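Take a look at the structure set out below.
Owing to the predicted nature of the structure, the values given are computational and were not obtained by experimental measurement. Atoms within each ligand, like the ligands themselves, are counted from 1 in listed order. Reckoned from all heavy atoms, side chains included, excluding hydrogens, waters and symmetry mates.
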Amino acid sequence: MPKLVIENLHDLSIETQKERTLLQNIQAAFIDWMHPCGGKGRCTGCKMQVVEGGEHLTPPSPQELRFMEQGRLRPQERLACQSRLLDGCLKVRVPKECRLPHVHYSLPK
Ligand code: FES
């Protein structure tokens, strides 16, 4: 089963279902994750910085490609609501601008 590790949430690890987006998997594990547009690919609030294993993700969606063209998604950034993990292990970080005030993140990155 694919595995997601969130580095700056104390290396929290969850097993994921490849039929679900990463945001859906994160929510199913009761992890708070910013998603201002409700997972519709309209806001970039659910960004993740890919640390390792990006090759296991589905290709960027049209919404992600548009944000990349606009410079709103940097290299190594993906949207949790638009990507699915097909296999293997993916390690990500929550970028600074996407952190929630009530969540304790483990690295000052
Ligand atoms: S929740 Fe808005 S783009 Fe993912």
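- Residue Gly41 approaches ligand 1 through these ligand atoms, each under 4.0 Å from one of its heavy atoms: 3 (S).
- Among the backbone and side-chain atoms of Cys46, an N/O/S atom is found under 2.8 Å from atom 4 (Fe) of ligand 1.
- Within the 4.0 Å heavy-atom criterion, the part of Arg42 lying near ligand 1 is the backbone and not the side chain.
- Using a cutoff of 4.0 Å between basic side-chain nitrogens and carboxylate oxygens, Arg84 and Glu19 are not scored as salt-bridged.
- Between Arg66 and Glu69 no salt bridge is recorded (no basic side-chain N to carboxylate O distance below 4.0 Å).
- Arg72 has no carboxylate O lying under 4.0 Å from a charged side-chain N of Glu77, or vice versa, which leaves the two without a salt bridge.
- Residue His35 does not count as close to atom 2 (Fe) of ligand 1, with no N, O or S atom under 2.8 Å.
- Close approach to Cys81 involves these atoms of ligand 1, each under 4.0 Å from a residue heavy atom: 1 (S), 3 (S), 4 (Fe).
- Using a cut-off of 4.0 Å between Lys/Arg side-chain N and Asp/Glu carboxylate O, Arg93 and Glu7 are scored as salt-bridged.
- Not a single N, O or S atom of Cys37, from either the backbone or the side chain, sits less than 2.8 Å from atom 4 (Fe) of ligand 1.
- Closest non-hydrogen pair, Phe67 versus Gly41, comes out as CE1-O, 3.3 Å.
- Shortest contact from atom 1 (S) of ligand 1 to any protein heavy atom: Gly39 N, 3.4 Å.
- The option from Thr21, Leu23, Leu73, Thr44 that lies nearest to atom 3 (S) of ligand 1, judged by heavy atoms, is Thr44.
- Residues Val50 and Ile31 share a hydrophobic cluster, clusters being chains of Ile/Leu/Val/Met/Phe/Trp/Tyr side chains in contact below 4.5 Å.
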